[in-house]
Amino acid sequence: MDSGTLQNILYVEDEPSIQAVAQIALESVGGFNLRICSSGEEALEIAVAFKPDLLLLDVMMPGMDGPATLEALRKLPELTNTPAMFMTAKVQPDEIAHFKSLGALDVIAKPFDPMTVSDLIKSIWISNFN
Amino acid sequence: MNEKAAAVHQQLEALRDSYRDELPGKIDEVQQALDKINQAGWETTACKTLHRLVHTLAGTSATFKLSAVSQAACKLSDFLKPLVETGEPPGIDQYRYMDGLVEALKQSVNETAEDVPEIKTVDATPLITQTKPEKDRHLIFLVQDDKHLAEVLSVQLGRFGHEIRTFSRPKKFLDALKQELPDAVIIDMIFPEGSLAGVEAVKRMELYVDHHIPTIFISHRDDITVRLQAVRAGGDAYFTKPVDVDALSGKLSGMLEQKTSGPYRIMIVDDSESLSQYYALVLGQAGMKTQISNDPMQALELIEDFNPELILMDIYMPGCSGDELAKIIRQLDRYVDVPIVFVSQERDKAKQLASLMLGGDDFITKPVQDEHLVSSVTSRAQRHRILRSLMTRDSLTGLLNHTRVKNRLENEVARAERQASSFVFAMLDIDNFKSVNDTYGHPTGDKVLKSLSRLLTQRLRKSDVVGRYGGEEFAIILPETTPEQAHRVLDELRMDFAAIMHQHNNEDMKNKSFHVTFSCGIAAFPGYEDATCLNDAADNALYAAKEAGRNTVVLAKD
């Protein structure tokens with residue numbers, strides 16, 4: 001997998017306002033092809049068909065939270081190795097280490113800047129796959 | 001700024017505006033979640049929901065650069081986070097602080113919605129200044145893998161002012177012991193590790209720790225094999241499931257009072273100086289506190305001062321024989337249950353039995369063997385303490401019961417007389433309590449009672465005595481206190497209690513919370529002849545408080 005193939009992002013976030021901002025940030029500004037899910041359950045239903053290059057998951061959600069969603073998605077054979085990133089307000093070094101240990105490339109801090117978050121995602125992608 | 005960026009900014013502005021419109025709705029959600037917790041209790045799911053809502057609010061509003069809202073929500077989210085993690089409900093002071101934070105959040109939303117230009121920072125400093133110092137709270141380690149039971153116990157026991165730390169596995173509990181020792185342990189018998197894992201853990205605990213930590217076992221098994229294991233492991237109590245939480249709480253309080261009461265107090269009455277000193281030495285080495293009286297005629301006065309938990313008495317003494325003295329002691333209601341152990345050369349069983357009939361509990365024949373003396377005394381003193389605490393606590397509130405308070409009042413009068421010190425006796429009565437029960441139901445009434453008990457125990461000193469005198473009546477003894485000091489403290493408590501928002505679940509009523517007040521009468525000693533007069537004076541002052549319109553503190557005029 002090389003840096004050229006970051007196109008489809010599966011985004012899981014329950015708060016509609018953040019979904020809307022992320023859509024602007026990732027589609028309008030970042031140029032990605034975004035598919036938004038409001039819950040882990042919804043993500044499980046559509047993920048395989050969408051063929052995401054990256055899983056972008058909010059941590060704190062009702063029901064299945066981010067980590068639980070990632071765990072479930074990873075069980076699908078098509079998604080076992082799909083890179084993932086978490087979005088959360090918790091960004092202490094040990095917390096970041098924890099999220100990485102769950103199988104994420106990195107953690108995006110909330111609140112994120114809609115104008116620059118796409119660049120941030122791209123740079124994380126590049127640094128992991130070069 | 002290029003075209004695309006401009007378009008994006010416009011879109012973001014539009015989103016920001018529509019989010020601002022949604023804010024009041026978000027606040028309603030937070031309030032609803034909070035109401036649910038106040039009705040149903042601080043069990044973790046409801047608490048997690050509230051925390052998540054507030055956390056999300058903080059994050060999203062920050063994204064839209066609504067900093068006032070974001071800051072207020074952050075503060076509240078940070079406050080809630082430890083509560084979610086420990087599952088502990090907030091104490092009274094924390095509750096008020098939280099109310100302040102919620103109000104601040106609402107305010108920030110209102111201001112944002114009205115598009116106030118400057119961003120106000122929110123001041124949400126705690127409204128109460130004093131709490132009991134942390135070290136006065138007992139630390140309880142709860143080792144329980146059943147999450148639900150752990151939550152229930154944690155919440156209920158927390159209400160009595162204990163600090164509860166929960167561990168889901170024995171290993172975590174044992175690791176924690178290396179950092180800090182609890183005042184008591186509540187542990188389940190059975191864990192995934194094994195059906196006696198609890199017992200094993202307690203045995204290991206005894207190895208790490210140099211003193212005995214009161215331990216309560218919980219299990220669904222009730223057979224003697226398991227109970228024996230518990231006893232052998234050093235357990236002090238055993239509760240079967242489903243756990244009677246009130247009973248457990250009462251037992252725990254008793255055990256903790258035992259702990260804070262210190263070493264067993266043994267009184268030695270023997271006319272032989274050398275023998276009495278010998279007994280004192282042997283018992284002292286076993287960790288007990290002793291008081292010697294070589295003259296039975298003076299023994300009574302010493303008993304009043306020393307408040308012994310067991311009296312070791314020689315039968316044959318000049319002036320007043322042991323069994324006569326025992327009879328006199330038993331005349332005093334206060335000491336009717338104190339174990340009396342006779343020591344004598346008397347080997348005649350019939351005569352021994354006769355002495356026992358006069359108020360003794362046991363007989364030790366001279367010459368006394370050290371181990372026999374220690375074990376007899378220890379087991380009786382220990383059982384006496386447990387019995388005492390069973391008889392003396394109110395099960396709903398954990399406070400001392402009526403009888404105990406009256407005893408303490410008499411003791412305090414006697415002590416103040418001898419030491420020429422002053423103290424204050426206060427009687428509190430909740431105003432219109434009957435209508436609280438009628439309007440909101442008895443369970444809610446009980447919560448109000450528990451709430452007041454908690455307030456009193458958390459805010460008063462360790463040396464103060466707090467008891468539940470009757471249905472909605474409480475009594476407080478404040479040693480070494482002047483009437484002015486007492487009036488000030490109690491008036492503050494009066495106002496704080498009045499400010500508490502109690503929650504009810506009466507569906508018909510729009511307002512989900514209500515307030516309750518109390519009236520209080522205080523009387524100071526010296527100023528009255530004896531405990532009864534003091535009691536009456538406080539009672540009259542309480543009556544005057546009610547007559548004066550309630551929600552007030554009145555000092556008795558002597």
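Here the structure is a predicted model, which means the values were calculated and not measured. Protein chains get the first letters and strands the later ones, always in sequence-line order, with residue 1 at the start of each.
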Query raised in the report: Roughly how far, to the nearest 0.5 Å, is NE2 of B:His55 from NZ of A:Lys110?
Result: 6.5 Å
Report summary line: Here the pair of heavy atoms bringing A:Met61 nearest to B:Arg52 is C-CD, 3.5 Å
Query - Region of A:Pro62 that comes under 4.5 Å of a non-hydrogen atom in chain B - result: both
Query raised in the report: Is the number of heavy atoms from other residues, nucleotides or ligands under 6.0 Å of B:Gln10 CD greater than 12?
Result: no
**Report entry** Nearest heavy-atom neighbours spanning B:Thr63 and A:Phe112
**Finding:** CG2-O, 4.0 Å
Query - Which portion of A:Asp14 sits near chain B, non-hydrogen atoms under 4.5 angstrom - result: side chain
Query raised in the report: To the nearest 0.5 Å, how far apart are CD in B:Glu22 and CD in A:Glu15?
Result: 7.5 Å
Query - Atom CD of A:Glu78 with >12 non-hydrogen neighbours under 6.0 angstrom - result: yes
Report task. Give the minimum heavy-atom separation between B:Leu15 and A:Val21, together with the two atoms involved. Result -> CD1-N, 3.6 Å
Query raised in the report: Got more than 12 heavy atoms from elsewhere within 6.0 Å of NZ, A:Lys122?
Result: yes
Report task. Under 4.5 Å heavy-atom distance to chain A, tell me which part of B:Thr56 shows up: side chain, backbone, both or neither. Result -> side chain
Query raised in the report: Of the non-hydrogen atoms in A:Pro111 and B:Gly59, which two are nearest, and what is the gap between them?
Result: CB-O, 3.7 Å
